Chemist: 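Below is a structure I'd like to ask you about.
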Amino acid sequence: MSESEKTKTKQKSLLAAAFSLSFFTLLSRILGLVREMTKSKFLGTSIYADAFVIAFMIPNLFRRLFAENSISVAFIPTFKGYLEDKSDEAVKSTREFVAATLTLVTFMTAIVVTIGIICTPLLIPIFYDGNNPETISETTILTRMMFPYLFVISVAAFFQGILNGVKVFSPSGFTPVLFNAIVITATYVLSPYTENPARAMAVGVMVGGCVQALFQLPFVIKVKWWCGFASIKKAFTNPGTRKVITLIGPTILGMACYQLNDVVSTALAGNAGEGIVSSLQYSLRLQELILGVFAVSIGSVTLPDLSALAKRKEWGDFGIMLTQAIKIIALISIPTTFFSLITGKEIISLVYKSNNFDDTSVALTLAAFQFHIAGLFFIAMNRILAPAFYAQGDTKSPTAAGIIGFAVNIALAFVMVSTLSGKEAGGGIALALSVASLANSVMLFVFLKRKGNLDFKSITLGTIAYSAKLIVLSAAASVPTYLLHSLAVEKFSGNSRIISFGIPLALSAVCYGAIGVALLFATKDEILKILLGKIRRR
């Protein structure tokens with residue numbers, strides 16, 4: 001097989017694996033959106049909605065910092081390295097490494113959860129101006145209820161790392177579907193029996209986290225990598241876990257800065273007024289519906305393959321796969337950004353508007369959404385670029401980029417909140433995040449050039465040229481879509497929610513999609529050809 005044929009095969013394999021995982025990720029994101037719709041129905045943008053968002057954010061912050069960071073940055077590349085050696089001695093060493101890592105994860109997260117529950121009353125006042133004793137009290141209760149989620153979701157992340165390391169993606173992709181379904185069900189079933197619906201959702205979070213871990217265990221056993229636990233001493237002295245700790249160490253500061261974006265932004269939002277925190281969350285959920293489907297899927301699928309290519313020093317294929325992944329992300333995120341800017345108000349109204357989510361809530365969420373969606377491409381691209389460094393064992397570059405992004409975000413957010421108020425402050429916080437994501441992307445490309453082992457010019461020019469093309473095509477498709485959308489909104493206003501907002505959205509989507517696909521065909525788009533080829537073979 002020629003090098004060209006090998007490259008095409010790898011590209012098609014990337015798309016196939018991504019499509020498989022994307023199906024479950026799409027289902028998960030849809031249910032995640034339904035979960036937010038459920039929250040909007042029961043909580044709106046009230047103090048309880050703000051309290052739940054802050055309470056759930058805290059264990060999630062530690063999850064991303066320790067669990068997901070450990071798995072994506074350190075465990076999968078190290079595990080993949082062990083798997084390259086097929087000897088009996090290597091298999092034994094791998095099993096010892098897996099057991100030691102599980103022990104390390106559970107031991108450390110148990111300590112963090114215990115300390116977190118004790119210190120919660122000291123943490124929560126950071127997010128409020130001090131004049132909200134009822135909200136502070138409720139947020140404290142909800143945080144303590146959900147802090148143990150960190151433990152079970154860390155175990156779930158570890159199982160996911162094992163499965164992804166052996167290229168089994170579907171079970172891990174399905175667990176968020178279960179999680180969201182459980183939270184939704186718990187909210188409806190338990191709300192009549194709890195003091196407020198936020199507590200019913202908190203119970204659902206805990207049950208859902210446990211199910212996420214337990215569901216993956218049989219699949220880990222099936223691939224023969226359930227290895228039990230090791231002693232605490234072995235967990236810290238195992239050569240593999242030492243390498244994991246070494247890889248994680250430099251990233252902790254960068255990841256901490258990245259996660260502090262959420263903390264500081266949420267604290268600023270909490271002090272900006274009631275409903276700002278929850279409206280930002282509602283906006284981000286809509287963004288993540290698109291972001292999660294392809295960015296997370298492509299990132300998860302490419303990391304093991306990029307790690308293997310880096311280990312074999314096949315930098316040509318490495319660069320081609322990275323460029324291909326970025327272009328797939330661009331094809332999804334750039335057109336989606338233009339369409340969302342045209343139809344944002346109707347999207348928010350159709351999805352969230354209810355008795356507790358009124359016109360004020362719509363306005364608050366739209367103010368944030370317009371600026372969140374503007375940064376969609378950069379946030380998505382960062383999810384692809386960072387694993388390209390991790391696959392090469394470079395954790396310092398993404399760390400530095402994360403610190404720079406953090407500094408930009410915090411500086412801008414402070415300026416926006418100090419000069420704006422109400423929904424404008426929420427929009428300013430969202431804008432700060434998008435600008436920071438752009439800064440992060442720029443720095444990642446700068447550091448990629450310094451690596452010296454990749455064809456940086458080809459990757460950069462390919463990304464810029466393809467992105468510019470999509471911007472032009474999206475703008476061209478947006479003009480007739482905007483005109484049609486304005487007419488449709490005026491025509492169907494005053495009816496039920498589905499008719500008033502759903503029909504204009506549907507007509508606009510058909511118009512935008514038809515024009516966009518026609519333009520892609522007319523320009524003989526390379527990514528579209530690959531996608532259509534995959535569909536035909538299926």
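All values reported here derive from a predicted model rather than from experimental measurement. The first residue in the sequence is number 1, and the count goes up from there.
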Chemist: Surrounding CG of Leu487 (heavy atoms of other residues, nucleotides or ligands, distance under 6.0 Å), is the total greater than 12?
Modeler: yes

Chemist: Above 12 or not: heavy atoms from other molecules or residues under 6.0 Å from CZ of Phe414?
Modeler: no

Chemist: Just wondering, more than 12 heavy atoms not from Lys469 lying within 6.0 Å of its NZ?
Modeler: yes

Chemist: Which heavy-atom pair separates Leu520 from Thr523 by the least distance, and what is that distance?
Modeler: O-OG1, 3.2 Å

Chemist: Considering non-hydrogen atoms only, spot the tightest contact between Phe369 and Gln287 and give its length.
Modeler: CE1-N, 4.4 Å

Chemist: Could you go through Asn382 and Ser441, starting from their C-alpha distance and side-chain angles, then the distance that decides it, and tell me whether this counts as side chain to side chain donor-acceptor pair (under 3.5 Å)?
Modeler: CA-CA 6 Å; Asn382 292 340; Ser441 297; 2.6 Å; yes

Chemist: Kindly determine whether Tyr282 and Tyr352 satisfy ring-ring contact (aromatic ring centres under 6.0 Å, His included), including the steps that lead there.
Modeler: CA-CA 8 Å; Tyr282 290 128; Tyr352 293 129; 4.9 Å; yes

Chemist: Kindly give the heavy-atom pair with the smallest separation between Ala325 and Ile384, and that separation in Å.
Modeler: CB-CG2, 3.8 Å

Chemist: For Ser278 and Asp50, test the side chains for any donor-to-acceptor distance below 3.5 angstrom and give the result as yes or no.
Modeler: yes

Chemist: Might you point out which heavy atoms bring Pro176 and Ser172 nearest each other, and give the distance in Å?
Modeler: CD-O, 3.2 Å

Chemist: Where do Ser437 and Asn440 land on the side chain to side chain donor-acceptor pair (under 3.5 Å) test, with the steps shown first?
Modeler: CA-CA 5 Å; Ser437 299; Asn440 200 349; over 6 Å; no

Chemist: Please check if the number of heavy atoms outside Phe445 that lie under 6.0 Å from its CZ is greater than 12.
Modeler: yes

